[in-house]
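By convention in this document, chain letters (A, B, ...) are assigned in the order of the sequence lines, proteins followed by strands, and residues within each chain are numbered from 1. Remember, it's a predicted structure, so these values are computed and weren't measured experimentally.
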2 protein chains.
Amino acid sequence: MPTQNSLESPCPVARSAELIGDRWSLLIVRDAFDGVRRFGDFQRGLGVARNILSDRLRRLVEAGVLATRPASDGSAYQEYALTDKGEQLFPVVVALRQWGERHLFAEGEPHSRLLARQSGEPVAFMAPRAADGQVLAPDDTVVKKLS
Amino acid sequence: MPTQNSLESPCPVARSAELIGDRWSLLIVRDAFDGVRRFGDFQRGLGVARNILSDRLRRLVEAGVLATRPASDGSAYQEYALTDKGEQLFPVVVALRQWGERHLFAEGEPHSRLLARQSGEPVAFMAPRAADGQVLAPDDTVVKKLS
DNA sequence: TCAGTCTGGTTTCAAAATGAAACTCATTGA
DNA sequence: TCAATGAGTTTCATTTTGAAACCAGACTGA
């Protein structure tokens with residue numbers, strides 16, 4: 001677990017990074033979007049050590065990204081599901097995915113793809129936009145401190 | 001440095017997470033978008049230990065996210081600048097920022113904001129969209145394995 | 001109903017990563 | 001010329017990670 005601080009940083013990126021800016025948390029959230037709910041399934045899917053998984057799940061639950069609830073299969077066990085807050089990480093995961101797709105695979109190297117369920121077409125590349133829909137490059141933006 | 005593997009994962013999220021899925025790398029990239037270029041400026045700005053910064057910068061350079069070049073101020077030192085590949089992380093950083101803005105600050109708690117330089121208005125909330133511009137919720141998408 | 005198994009952890013311990021501080025060495029500024 | 005600064009590297013103690021063993025409650029089949 002990264003040293004707990006910077007949760008007081010006035011920079012939203014820093015706070016987000018503090019919370020989910022580590023490999024396992026990110027991958028847990030990715031799997032959650034893929035419908036994984038159970039401890040054992042996360043564990044097997046990720047190959048993460050159980051104690052670490054346990055720790056990360058706890059952190060994510062504390063942060064309100066995941067919530068535990070009785071398992072939907074009727075067993076006495078519980079499951080971990082994305083909260084609304086967690087669901088809203090979707091753009092983060094998609095952004096990571098799209099960047100990875102574009103830059104981390106060799107020409108022609110196979111990789112999984114994100115498709116729109118309806119059309120079956122790849123999801124369009126996501127970009128920040130101005131109010132008028134114009135795509136914003138980094139230089140088209142300014143960070144205003146502490147407003 | 002997270003244990004180097006999963007760079008062979010067929011999942012783009014996993015590869016991205018491996019590379020930039022740690023607090024410092026993320027914050028270094030954020031600062032780079034903010035125009036920070038020099039070792040010392042990163043170090044002072046982030047409060048990161050020099051050896052760790054050194055390691056992360058090396059990794060990011062190796063990965064082609066940053067590149068070194070002679071400092072633009074004419075001194076004999078070098079600077080670290082985002083490459084094209086690095087610039088394309090913009091949506092990732094913006095997504096993290098927007099999520100943080102929305103979920104990691106108390107009501108009315110002040111935080112920095114990302115504005116469109118032209119209009120001065122906040123950047124619109126970023127979301128994955130279908131080809132027709134329709135916003136896609138997680139359930140509206142499917143991950144197709146290994147295409 | 002009772003032995004065996006599965007699930008969801010916790011504990012233990014060694015190995016790896018991190019962080020603080022001291023150290024180096026080139027550059028710069030006065 | 002000399003002190004201060006910049007950009008690291010080294011050292012070493014602390015923290016985090018990961019693998020494996022362990023454990024207590026469900027569950028299952030005979």
Side-chain angles (χ1 to χ4, degrees), chain A residues 1-9 14 17-29 31-32 35-63 66-81, chain B residues 1-9 14 17-29 31-32 35-63 66-81:
Chain A
M1 131 192 27
T3 36
Q4 193 96 332
N5 73 341
S6 80
L7 279 180
E8 303 111 44
S9 168
E18 178 66 39
L19 206 57
I20 54 158
D22 87 277
R23 199 156 78 94
W24 293 129
S25 303
L26 243 15
L27 294 179
I28 287 168
V29 170
D31 274 7
V36 177
R37 297 278 110 103
R38 297 283 286 262
F39 187 95
D41 293 328
F42 283 113
Q43 202 278 314
R44 277 182 294 279
L46 297 174
V48 57
R50 292 168 196 298
N51 53 344
I52 302 301
L53 177 59
S54 180
D55 174 77
R56 295 301 191 276
L57 288 173
R58 178 166 30 248
R59 282 165 61 78
L60 291 171
V61 168
E62 275 169 16
L66 298 176
T68 54
R69 59 181 194 203
S72 50
D73 65 0
S75 74
Y77 301 115
Q78 57 172 2
E79 60 183 29
Y80 296 86
Chain B
M1 133 194 21
T3 37
Q4 193 98 334
N5 72 341
S6 81
L7 278 179
E8 302 112 44
S9 168
E18 178 67 40
L19 206 55
I20 54 159
D22 87 277
R23 200 155 78 93
W24 294 129
S25 302
L26 243 16
L27 294 179
I28 287 167
V29 169
D31 275 8
V36 177
R37 298 277 108 103
R38 295 281 287 261
F39 187 94
D41 293 328
F42 283 113
Q43 202 277 315
R44 275 182 296 277
L46 297 174
V48 57
R50 289 171 175 49
N51 53 343
I52 303 300
L53 176 59
S54 179
D55 175 76
R56 294 301 191 277
L57 288 173
R58 179 169 26 249
R59 283 166 61 77
L60 290 171
V61 168
E62 274 169 18
L66 298 176
T68 54
R69 59 180 194 203
S72 49
D73 65 0
S75 75
Y77 299 115
Q78 56 172 3
E79 60 184 27
Y80 296 85

When we call it a touch if two heavy atoms are under 4.0 Å apart, what does A:Gln78 touch: a base, just sugar-phosphate, or nothing?
-> sugar-phosphate
Figure out the CZ/P separation between B:Arg23 and D:dT16, and round it to whole Å.
-> 11 Å
Starting at the 5' end of nucleotides 19-27 of chain D, put B wherever the base has a protein heavy atom under 4.0 Å, S where only the sugar-phosphate does, and a dash everywhere else.
-> B-----BSS
Residues that A:Asn51 engages under side-chain contact (heavy atoms from CB on, under 4.5 Å), provided they are two or more places apart | A:Ala49
B:Arg59 CZ to B:Glu18 CD distance, which is reported to the nearest 0.5 Å = 6.5 Å
Here the distance between atom C1' of D:dT16 and atom CD1 of B:Ile52, to the nearest Å, is 12 Å
Could you tell me the separation between the CD atom of B:Glu18 and the P atom of C:dA17, rounded to a whole number of Å?
-> 11 Å
Separation of atom CG in A:Leu53 from atom P in C:dT10, rounded to whole Å | 10 Å
Check whether any side-chain nitrogen or oxygen of B:Ser54 sits under 4.0 Å from OP1 or OP2 of D:dG8, and answer yes or no.
-> no
How long is the line joining CG of A:Leu57 and P of C:dT10, in whole Å?
-> 10 Å
With respect to the phosphate group of D:dG18, does any side-chain polar atom (N or O) of A:Trp24 fall under 4.0 Å of OP1 or OP2?
-> yes
Sub-4.5 Å side-chain heavy-atom contact between A:Arg50 and A:Phe39 | yes
Contacts satisfying side chain to side chain donor-acceptor pair (under 3.5 Å) that involve residues 39-48 of chain B (not counting sequence neighbours) are B:Asp41-B:Arg44
Could you give the distance from OG1 (B:Thr68) to CG (B:Leu60), rounded to the nearest 0.5 Å?
-> 12.0 Å
Would you mind reading off the distance between A:Arg59 atom CZ and C:dG9 atom C1', rounded to a whole angstrom?
-> 18 Å
Give A:Tyr80 one of three labels, base, sugar-phosphate or nothing, depending on what nucleic acid heavy atoms sit under 4.0 Å from its own.
-> sugar-phosphate
So CG of A:Leu46 and CH2 of A:Trp24: to nearest 0.5 Å the spacing works out to 6.0 Å
Separation of C:dT7 P from A:Gln43 CD (nearest whole Å) = 11 Å
Just how far, in rounded Å, is P of D:dT5 from CZ of B:Phe39?
-> 17 Å
Any donor-acceptor pair under 3.5 Å linking the side chain of A:Arg69 with the backbone of A:Tyr80?
-> no
